[in-house]
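Data block below; observations after.
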Amino acid sequence: GENVEQHPSTLSVQEGDSAVIKCTYSDSASNYFPWYKQELGKGPQLIIDIRSNVGEKKDQRIAVTLNKTAKHFSLHITETQPEDSAVYFCAASRNTPLVFGKGTRLSVIA
Amino acid sequence: ETGVTQTPRHLVMGMTNKKSLKCEQHLGHNAMYWYKQSAKKPLELMFVYNFKEQTENNSVPSRFSPECPNSSHLFLHLHTLQPEDSALYLCASSQEPGGITEAFFGQGTRLTVV
């Protein structure tokens, strides 16, 4: 089955700097790659996703890139703000229930 | 609000107790899921229901018993749990089963087994 590895497990950045979180997946047939943000006391919420027919997608300060050959995808957050502090999860799917990475705890220091 | 509501938010139960977790979605979705979230582990898929029918049981111990009376409601019945079952239990729903459409999560039930 699918296996998703996520790095780093924790990340601290200064406000205004960029943050990058990376994930690798094992199943070359996976075709959907969402990113979820989980704030304290809440469930995960989708922030951006990408499908296998696209290499990059951007939504304001967040972007996701996908390298199908290398089987890895990354989340990029620019101009980080304190409210970006949360746990971020990547996931992968091949028309099956999502398989999640272990999460990255991002701290944005004001 | 995500449209997925879970109750209770917190639950403490003894190992001999029987309790139930409830999930309700107001999104008109056809698929519902139970996930377990433990510290420093990926979200673990437990059960999948599609149009009220269980389509996946991810090798979950029988002390966890799901029930899906209709497409909007999902329960997780708990009995004779172990301390290692303490975790955040998340319910999610999506328009279609599988990972091709966005999954919406509830806020979770924080379960502590004593």
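Quick note on labels: first sequence line is chain A, next is B, and so on, each numbered from 1.
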(message) For Glu56(B), which atoms come within 4.5 Å of any heavy atom of chain A: side chain, backbone, both, or neither?
(response) side chain
(message) If you compare all heavy atoms of Leu90(B) against all heavy atoms of Gly43(A), which two are closest, and at what distance to 0.1 Å?
(response) CD2-CA, 4.0 Å
(message) So for atom CD, which belongs to Glu44(B), do other residues, nucleotides or ligands contribute more than 12 heavy atoms lying within a distance under 6.0 Å?
(response) yes
(message) Working to the nearest 0.5 angstrom, can you tell me the gap between Leu46(A) CG and Ser94(B) OG?
(response) 12.0 Å
(request) Could you tell me whether Gln60(A) atom CD has more than 12 heavy atoms of other residues or ligands within 6.0 Å of it? (result) no
(message) Under the criterion side-chain contact (heavy atoms from CB on, under 4.5 Å), I'd like the reasoning laid out for Gln37(B) against Phe100(A): C-alpha separation, chi angles, the key distance, then a yes or no.
(response) CA-CA 11 Å; Gln37(B) 185 175 32; Phe100(A) 287 86; over 6 Å; no
(request) For Glu79(A), look at atom CD and say whether over 12 heavy atoms of other residues, nucleotides or ligands are found less than 6.0 Å away. (result) no
(message) Need one label for Gln38(A): side chain, backbone, both or neither, based on atoms under 4.5 Å from any heavy atom in chain B.
(response) side chain
(message) If hydrophobic clusters are built from ILVMFWY residues whose side chains come within less than 4.5 Å, do Phe75(B) and Met32(B) share one?
(response) no
(request) With a 4.5 angstrom heavy-atom cut-off, could you sort out which part of Leu45(B) is near chain A: side chain, backbone, both or neither? (result) side chain
(message) Just checking Arg105(A): does its CZ atom have more than 12 heavy atoms from other residues, nucleotides or ligands closer to it than 6.0 angstrom?
(response) no
(request) Name the region of Arg9(B), side chain, backbone, both or neither, that has any atom closer than 4.5 Å to a heavy atom of chain A. (result) side chain
(message) Grouping I, L, V, M, F, W and Y whenever their side-chain heavy atoms are under 4.5 Å apart, do Leu11(B) and Met15(B) come out in a common cluster?
(response) yes
(message) Give me the atom names and distance for the closest heavy-atom approach of Tyr35(B) to Leu98(A).
(response) OH-O, 3.7 Å
